[in-house]
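Reviewing the structure listed below.
Below, all heavy atoms of this structure are taken into account, side chains as well, without hydrogens, waters or symmetry copies. To find a chain, count down the sequence lines: A is the first, B the second, and so on, and within it residues start at 1.
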Amino acid sequence: MTPQELAQQIRIAVNGAISAGILNLEIADVPDEIVVERPKNLDHGDWATNIAMQIGKKAGLNPRAAAEILQPILEQLPGVEAIEIAGPGFINIRLSAASQGELARDIIAKGASFGRGTQLVGKKINVEFISANPTGPLHLGHTRWAAVGDAIARVLEAEGAQTAREFYINDLGVQMDKFGASVKAAAIGETIPEDGYHGAYIPDLAKEIVSASPEIINLPEPERSDAFRDAAYALQLADQKRVLENFNTHFDVWYSERSLHTSGAVDRAFEKLKSEGHMFVEDGATWLRTSDFDDDKDRVLIKADGALTYFASDTAYYVDKRNRGFDLCIYLLGADHHGYVNRLRALASCAGDNPDDHLQILVGQMVKMLKNGEEVRLSKRAGNIITLEDLVDEVGVDAARYSLIRYPVDSPLVLDLDLLVSSTNDNPVYYVQYAHARIASVVRNAADLGLIPANTADWDPVTFNPSLLTDEREGALLGLLADYPRVVASAAELREPHRIARYVEEVASSYHTFYAACRVLPQGDEEVTELNISRLWLCAATRQVIANGLDLLGVSAPERM
RNA sequence: GCCCGCGUAGCUCAGUGGAUAGAGCGUCUGCCUCCGGAGCAGAAGGUCGAAGGUCCGAUUCCUUCCGCGGGCACCA
């Protein structure tokens with residue numbers, strides 16, 4: 001029995017008590033969501049609900065009295081072994097081993113789909129992240145968004161959403177020109193401009209461009225500068241794509257800022273804004289009256305000299321996303337861009353949307369890196385950046401992704417490179433993966449001994465007897481597994497994939513505890529019992545949940561390590 | 001000055017109003033002739049930055065203050 005099923009049963013019981021006049025309440029007074037949670041202390045029971053405390057006041061009862069009214073009704077529920085009232089009015093529920101253990105069968109039947117939900121079915125969601133300038137390698141900060149953004153999309157998909165992962169390429173403007181000028185300078189042996197890019201990759205790019213097309217050197221200006229800029233851009237973008245694919249982060253859409261201008265998207269957006277009545281001209285410039293909607297000041301779209309601002313691109317881009325049919329546009333921004341939040345929301349309003357419905361901006365804090373106990377200062381200009389690729393080379397894709405997803409993005413993250421690199425065993429990802437590999441090994445051994453087929457799809461349900469799983473550690477593990485769908489749902493709702501990581505660590509821990517205490521396979525020439533087989537079902541169910549959880553993080557679940 | 005985020009064990013961090021505030025690392029003590037010891041069991045370690053407020057109940061929500069980080073362009 002899952003907590004959702006239990007909550008449903010409780011609702012029926014409460015409504016029944018109201019209809020029967022035992023509780024002096026209206027059906028409408030029952031909360032929309034009945035909370036059924038794992039108590040922190042499992043001595044309290046398998047599940048707990050605070051429903052009595054929620055309805056007590058409205059029913060004119062103290063919470064304990066309300067709980068006492070519900071107790072005999074809940075005790076009659078199928079699969080419920082005991083109901084206890086505790087503390088201020090908690091109702092603690094203990095399930096029978098058989099009822100609780102049924103879950104293992106359910107998990108194995110559902111396989112990879114166990115834990116998936118439906119709260120976002122029919123929703124089309126655009127998840128935009130990283131969106132780095134194509135003027136250099138992706139660095140540590142980008143890496144956090146790469147891991148987290150992809151995991152958010154995975155979690156949304158697990159709840160039924162149709163998503164697009166999107167990378168907005170800032171391929172227009174002075175940064176691109178500076179980048180091109182830097183590469184050109186390196187190619188023709190001039191000093192790179194002070195305000196240019198000074199990373200070691202610049203001369204490499206120059207060399208690659210010149211050797212691919214030597215005649216570029218002899219082009220007249222300004223064609224030569226443009227040619228260097230565009231060639232360097234193409235190489236750098238290709239490099240970013242390659243690195244991200246290696247990082248297990250696949251973008252569905254690479255959206256060029258330039259294309260907004262050539263495709264007419266800007267014009268369409270301006271039409272829209274004009275029709276909504278928020279554009280105006282002043283001092284020779286064209287403005288958007290974002291201050292109508294909580295922005296500090298109005299923003300320029302077209303400068304007095306006729307050039308479009310970056311904000312004009314932002315505006316066109318948002319309107320274009322909505323035109324492409326996305327119900328919700330999620331932006332992942334670094335803390336250094338949090339000043340954009342109000343103006344993005346305001347522009348959504350100017351475009352006639354309610355930003356609370358169609359726009360969500362997640363602001364993530366910075367990543368710091370410690371090396372030898374000292375903070376590594378990151379500067380792309382100085383060229384001492386830690387790149388996404390460096391990190392992956394050092395610790396591998398799984399450990400890198402996991403370490404970055406494990407923490408909520410709204411808190412600053414300090415990664416100790418020495419710890420991550422030198423003693424990778426301390427990384428929790430190995431703890432979780434180890435549990436998975438360990439279970440895989442047990443199941444392999446069981447199959448080798450002829451206890452059970454190698455593939456769980458071939459397991460005969462008759463061989464599973466959940467009523468034998470009476471050890472407290474078995475109960476603890478089963479209860480935790482039952483909680484998985486709820487964890488996925490809340491990770492999706494809150495856009496917080498780190499919850500999956502934390503949960504999966506708990507599962508691994510609970511499994512190791514079970515494993516140390518409960519012998520799964522028969523020893524020596526002991527006879528094979530129903531208990532051996534039933535525990536194998538529990539093992540396989542645990543393996544499935546760990547694999548499903550790791551998959552939502554884009555981390556592999558190895559059969560062997 | 002204004003705006004956003006953060007402040008929890010020595011360190012790095014969980015904990016979207018509930019019961020005795022948790023985990024990893026580090027320190028200390030036990031546990032492999034048997035399914036993977038990359039593991040398990042246990043000990044020590046806390047004024048949840050401070051003060052008010054709301055609530056049956058606050059680490060969590062609100063206000064003020066202190067500390068840290070980031071941001072406030074007709075730049076991109």
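No contact: A:N62 has no heavy atom under 4.0 Å from any strand. Contacts of A:S490 with the nucleic acid, taken as non-hydrogen atoms under 4.0 Å apart, include base atoms. At a threshold of 4.0 angstrom between heavy atoms, the contacts of A:R499 include nucleobase atoms, whether or not backbone atoms are also involved. At the heavy-atom level, A:R502 lies under 4.0 Å from the strands shown only through sugar-phosphate atoms. Across all strands, A:S441 comes closer than 4.0 Å to base atoms (heavy-atom distances). Nucleic acid contact class of A:G87 (heavy atoms, under 4.0 Å, all strands): none. At the heavy-atom level, A:R406 lies nowhere under 4.0 Å from the strands shown.
The phosphate of B:rC72 has neither OP1 nor OP2 within less than 4.0 Å of any side-chain N or O from A:K297. Note on A:T286: every side-chain N or O is 4.0 Å or more away from OP1 and OP2 of B:rC74.
Both geometric conditions, a ring-centre gap below 5.5 Å and a plane tilt below 30°, are not fulfilled together for A:Y434 over the base of B:rG39. Stacking here means ring centres nearer than 5.5 Å and ring planes tilted less than 30 degrees, and by that measure A:Y407 does not stack onto B:rC13.
As rounded to the nearest Å, B:rU16 and B:rC72 have P atoms that lie 32 Å from one another. Across the P atoms, B:rG10 and B:rG36 are found 39 Å apart, a figure rounded to whole Å. Rounded to whole Å, the C1' atom of B:rC48 lies 10 Å from the corresponding atom of B:rU60.
Checking A:Y402 against A:E505 by side-chain atom types alone, a donor-acceptor pair falls below 3.5 Å. For A:E257 and A:Y317, the side-chain atoms include no donor-acceptor pair closer than 3.5 Å.
Donor-acceptor pairing under 3.5 Å, judged by distance alone, is absent between the side chain of A:N50 and the base of B:rA19.
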Interface polar pairs with nucleotides 1-4 of chain B, N/O, under 3.5 angstrom:
unit_1	atom_1	unit_2	atom_2	d
B:rC3	O2	A:H338	NE2	3.2

Between the protein and nucleotides 58-63 of chain B, list every N/O to N/O distance that falls short of 3.5 Å.
none

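Of the residues near RNA chain B, A:R299 and A:G524, the one whose nearest nucleotide (by heavy atom distance) lies more toward the 5' end is A:G524.
For the pair A:E505 CD and B:rC25 P, the computed distance is 11 Å after rounding to whole Å.
When the shell of 6.0 Å around CG of A:D294 is examined, it contains 12 or fewer heavy atoms from other residues, nucleotides or ligands.
Under the 6.0 Å distance and 45° angle rule, A:R299 does not count as a cation-pi partner of A:W287.
Shown are A:D314, A:D292, A:D356; of these, the salt bridge (charged side-chain N to carboxylate O under 4.0 Å, His left out) with A:R345 is made only by A:D356.
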